[in-house]
Amino acid sequence: MTETAQPREGVEQLRARAEIDLAALRANVRTLRAQAPGSALMAVVKSDAYGHGMVPCARAALDAGAAWLGTATPDEAFALRAAGIEAPVMCWLWTPGGPWRQGIEAGLDMGVSALWALEEVVAAARAAGGRPARIQLKADTGLGRNGCTPADWPDLVRAALAAERDGLVRVTGLWSHFACADEPGHPSIAAQLTRFREMVTYAEDQGVRPEVRHIANSPATLTLPETHFDLVRTGISVYGVSPSAEIGSPADFGLRPVMSLIASLAQVKHVPAGHGVSYGHHYVTAGDTTLGLVPVGYADGIPRHASGTGPVLIGGKWRTAAGRVAMDQFVVDLGGDEPAAGAEAVLFGPGDRGEPTAEDWAQAAGTIAYEIVTRIGTRVPRVYVNTEQDG
Ligand SMILES: *Cc1c(COP(=O)(O)O)cnc(C)c1O
């Protein structure tokens with residue numbers, strides 16, 4: 001039978017693990033710095049470092065020369081400070097009533113996109129009565145998401161300068177974000193860049209003296225040197241994932257995927273032809289075959305949209321999720337092969353051992369690789385490898 005477990009030799013074998021290669025992360029940071037040699041680098045570590053684990057990744061990025069860390073929410077930034085990280089940290093996703101005072105006391109750079117936010121940060125600075133709040137004014141140069149419109153920019157700049165004169169804030173940055181940097185040649189790129197220059201020039205003419213001006217995300221950092229300014233804000237590329245297949249593969253940019261998702265086969269069994277597989281019986285075996293049970297599911301972040309399409313490397317061969325991905329598990333048709341229970345099932349990794357990549361899963365699920373890595377759930381332990389800083 002096929003039900004012999006691999007010898008365990010007293011070592012606990014995990015159901016599944018996300019292996020995080022910190023040497024790859026450090027190398028990616030160095031590669032990105034070389035790509036933008038005249039600019040400082042911010043490693044964006046929001047959303048638990050895109051699912052890779054925030055604090056270990058933040059430390060590795062700093063070791064490799066990142067000067068800044070970036071988060072979306074204030075709580076993410078506070079977690080960096082709580083871990084003892086003293087590097088410049090910027091966070092940009094604020095809502096009314098947010099923890100501005102705590103942000104001031106933690107020495108965060110806080111993104112300000114609207115007058116209401118400026119008013120709240122000024123009130124918090126007054127209450128704190130000590131150091132001025134470090135704020136970075138965000139321009140909406142065309143993304144149509146967060147940021148101050150060109151029409152409202154003069155009022156925001158004027159109010160920020162008044163607060164600076166009162167010693168309550170220091171405007172440390174002027175910044176914006178691209179809509180289509182991952183679509184080479186998209187006309188919005190040049191339009192946003194022109195508007196950014198105009199909005200920066202306006203603010204500086206009024207007397208703003210920013211430490212940093214920045215607009216580049218990963219795709220802009222990789223492909224548009226004219227967007228680098230003083231600082232580049234790289235997220236997905238730090239983790240070795242390409243922002244889009246259209247601009248190239250990770251290897252095209254000298255980047256190496258940091259996360260490998262590896263599960264331990266929970267069962268291998270023979271079934272006859274005509275056997276339905278998983279909920280809804282959307283897969284039915286064509287002949288006598290073997291089925292392998294991969295013990296991760298949508299609760300672990302494996303997209304249910306990859307039912308019938310998600311790839312996994314088992315015993316040197318690509319297999320495909322047979323039928324539906326369930327909450328905790330999915331099944332593959334092993335075509336008669338009989339790997340032992342406990343054999344490795346590699347869902348994705350760098351790809352150089354023949355395994356699928358996060359991009360392959362994105363394609364299988366009709367999404368982007370950002371979503372694949374960020375959604376790997378907390379039930380999957382992160383196992384850090386190559387943690388020691390290299391030369
Ligand atoms: C997430 C984010 C980034 C990083 O984008 P990547 O495409 O992952 O490099 C940069 N800036 C802002 C404002 C972001 O929200």
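Numbering starts at 1 and runs along the sequence shown. No hydrogens, no waters, no symmetry mates; every other heavy atom, side chains included, goes into these values. Each ligand, and each atom within it, is numbered from 1 in the order the structure gives.
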**Request:** Describe, in one word, how the ring planes of W94 and W100 are oriented to each other, choosing from parallel (under 30°), tilted (30 to 60°) and perpendicular (over 60°).
**Result:** parallel
**Complete:** ligand 1 atoms nearer than 4.0 angstrom to some heavy atom of I236 are 6 (P), 8 (O), 9 (O)
**Prompt:** Would you find a donor on one side and an acceptor on the other, under 3.5 Å apart, between the side chain of R256 and the backbone of G240?
**Reply:** no
**Message:** Measuring centre to centre across the rings, with the benzene-like ring taken for any Trp, is Y239 within less than 6.0 Å of H52?
**Reply:** yes
**Request:** For the residue pair V238 and I236, establish whether any side-chain heavy-atom pair is separated by less than 4.5 Å.
**Result:** no
**Asked** Got an N/O contact under 3.5 Å between S218 and ligand 1?
**Response** yes
**Message:** Counting only nitrogen or oxygen atoms and a 3.5 angstrom limit, does W175 reach ligand 1?
**Reply:** no
**Request:** From the options K138, K46, M90, R145, select the one whose nearest heavy atom is closest to atom 15 (O) of ligand 1.
**Result:** K46
**Numbered atoms and elements of ligand 1 in range of Y50, under 4.0 angstrom, heavy atoms** = 1 (C), 4 (C), 5 (O), 6 (P), 8 (O)
**Message:** Between S260 and E19, is there a side-chain donor-acceptor contact under 3.5 Å, judged purely by atom types and distance?
**Reply:** no
**Request:** Of the side chain and backbone of H177, name the one, both, or neither that has a heavy atom under 4.0 Å from an atom of ligand 1.
**Result:** side chain
**Item:** Contact check: P219 vs ligand 1, nitrogen or oxygen atoms, below 3.5 angstrom
**Value:** no
